[in-house]
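Heads up, the thing below is written out as structure tokens.
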Amino acid sequence: MKIISTVLFLVSGLLFCQNTVYRDFKKIPEILDNPELLYPFIMPDSKYQYWSVFRNNPDPDLAVVYESQMPPYMTLNDPVPEKGFFQKCLGKDCFSYLMACENGRSVYFLTEQQLRDFIGSVDNLPEAVLIANTYGFSVDADNGLGSSYKTDDQYISLYLSKTKTCPLTKESFLIRINRKTGKTDSKSNGIYFKSKECITG
């Protein structure tokens with residue numbers, strides 16, 4: 001009986017250790033849990049005359065998510081693309097895309113990989129979170145296992161979450177992003193929340 005109880009204690013201890021955050025990590029500010037609030041922090045490696053992020057909405061006033069300062073002589077009449085990054089559904093307001101003006105010509109960035117290429121080297125925490133978002137990770141502001149970070153000269157490390165909706169499950173991941181190359185690797189830190197309910201819509 002003592003052997004069984006000892007084994008159970010060790011197993012539960014190992015599981016508990018998985019669901020922890022290293023002490024030198026700080027909490028990610030809650031404002032960074034929304035990808036649309038991360039774009040103003042992008043510092044692209046290439047120089048563009050102008051760039052802007054849009055959502056696919058036919059109303060021009062609702063379509064613009066973020067735009068850098070546009071020179072007064074520029075007029076943009078490019079058509080809305082049929083696809084983009086962060087695809088959520090079909091129809092309007094279902095994806096985002098980035099358009100930049102380079103040497104007087106419009107250049108589109110329509111996929112998650114192209115968005116990562118646009119960002120280039122990782123200059124700050126919001127860029128790191130946005131890159132992680134392109135791989136399906138998100139900030140869970142309610143739990144440190146899904147909203148912690150650490151920075152050094154070479155890497156930005158993040159604890160972020162991946163969510164499954166049925167049943168509602170949240171899994172913690174430790175993500176490490178190379179600040180120079182943007183290369184990303186990740187490993188699971190275990191499931192830290194599970195419900196019997198399903199989330200729809």
Side-chain angles (χ1 to χ4, degrees), residues 7-42 53-57 62 65-66 83-98 110-116 119 122 124-151 155-177 182-201:
V7 170
L8 288 174
F9 173 77
L10 290 173
V11 170
S12 62
L14 287 171
L15 291 173
F16 178 76
C17 288
Q18 282 186 322
N19 285 339
T20 57
V21 174
Y22 291 112
R23 290 184 180 179
D24 54 345
F25 278 68
K26 302 175 184 177
K27 181 169 174 52
I28 295 174
E30 288 188 25
I31 193 171
L32 301 186
D33 67 355
N34 181 350
E36 291 194 352
L37 300 179
L38 302 176
Y39 300 118
F41 297 96
I42 293 178
V53 180
F54 300 90
R55 65 176 67 90
N56 66 316
N57 191 304
L62 298 176
V65 177
Y66 172 79
K83 61 180 180 178
F85 45 82
F86 300 142
Q87 184 90 33
K88 297 179 290 186
C89 56
L90 299 174
K92 73 174 185 177
D93 288 328
C94 286
F95 62 82
S96 300
Y97 62 96
L98 192 150
L110 303 177
T111 67
E112 283 79 2
Q113 181 58 56
Q114 288 173 346
L115 176 58
R116 293 192 288 266
I119 294 171
V122 185
N124 52 54
L125 176 60
E127 281 190 348
V129 172
L130 189 57
I131 286 174
N133 289 162
T134 67
Y135 289 104
F137 301 104
S138 60
V139 175
D140 179 5
D142 296 328
N143 195 305
L145 290 163
S147 61
S148 301
Y149 78 100
K150 179 181 75 171
T151 61
Y155 296 97
I156 295 181
S157 301
L158 308 161
Y159 277 101
L160 296 178
S161 177
K162 270 195 176 180
T163 302
K164 293 181 181 178
T165 57
C166 194
L168 178 59
T169 306
K170 295 182 180 181
E171 185 175 359
S172 172
F173 283 84
L174 176 59
I175 301 120
R176 190 175 68 162
I177 303 175
K183 184 178 178 181
T184 303
D185 58 67
S186 64
K187 67 175 182 178
S188 174
N189 192 42
I191 292 172
Y192 65 93
F193 178 84
K194 189 167 185 177
S195 169
K196 294 181 179 179
E197 299 179 0
C198 291
I199 303 299
T200 57

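When a residue number appears, it is its place in the shown sequence, counting from 1. Scope of the values below: all heavy atoms of this structure, side chains included, with no hydrogens, waters or symmetry mates.
- Counting only distance, with no hydrogens or angles, the side chain of Lys150 and the backbone of Tyr155 share no donor-acceptor pair below 3.5 Å.
- The number of heavy atoms from other shown groups lying within 6.0 Å of CD (Gln87) is above 12.
- Figure legend: cation-pi geometry between Lys170 and Tyr192 absent, as NZ or CZ is not positioned both under 6.0 Å from the six-membered ring centre and within 45° of its axis.
- Proximity of a side-chain donor or acceptor of Asp140 to a complementary backbone N or O of Leu160 within less than 3.5 Å is not detected.
- Distance CZ/Phe173 to CG/Leu145: 12.5 Å, rounded to 0.5 Å.
- Sparse packing is recorded around CD1 of Ile31, with 12 or fewer heavy atoms of other residues, nucleotides or ligands lying under 6.0 Å away.
- Taking every heavy atom of both residues into account, Ala128 and Ile177 meet most closely at O-CD1, 3.3 Å.
- With sequence neighbours left out, Phe25 forms a ring pair (Phe, Tyr, Trp, His ring centres under 6.0 Å) with Tyr159.
- Nearest approach of Gly182 to Val122, heavy atoms of both residues: CA-CG2, 4.0 Å.
- Of all the heavy atoms in Cys94 and Asn56, the pair that sits closest is N-OD1, 2.7 Å.
- Here OG of Ser172 is found 8.0 Å from CG of Asn143. Values are rounded to the nearest 0.5 Å.
- The nearest pair of heavy atoms linking Ala141 to Glu30 is CB-CG, 3.7 Å.
- Residue Thr134 holds its OG1 atom at 6.5 Å from CG of Leu115, rounded to the nearest 0.5 Å.
- None of Gln114, Glu112, Gln113 except one satisfies the side chain to side chain contact (heavy atoms under 4.5 Å, CB included) rule with Leu110; the exception is Gln114.
- Heavy-atom minimum distance, Pro35 versus Asn133: CG-OD1, 3.5 Å.
- In this structure, Arg116 CZ and Leu130 CG are separated by 10.0 Å, a value rounded to the nearest 0.5 Å.
- Distance check: Phe137 CZ to Glu171 CD gives 9.0 Å after rounding to the nearest 0.5 Å.
- Open room surrounds NZ on Lys92; 12 or fewer heavy atoms of other groups in view lie less than 6.0 Å from it.
- Residue Phe41 holds its CZ atom at 9.0 Å from CG of Leu125, rounded to the nearest 0.5 Å.
- In terms of the salt bridge (Lys or Arg N to Asp or Glu O under 4.0 Å) criterion, residue partners of Glu36 (sequence neighbours excluded) are, by chain and number, Arg55.
- A heavy-atom distance below 4.5 Å is not found between the side chains of Leu32 and Leu37.
- A cation-pi arrangement is not found for Lys88 relative to Phe95, the charged atom failing to lie both closer than 6.0 Å to the ring centre and inside a 45° cone about the ring normal.
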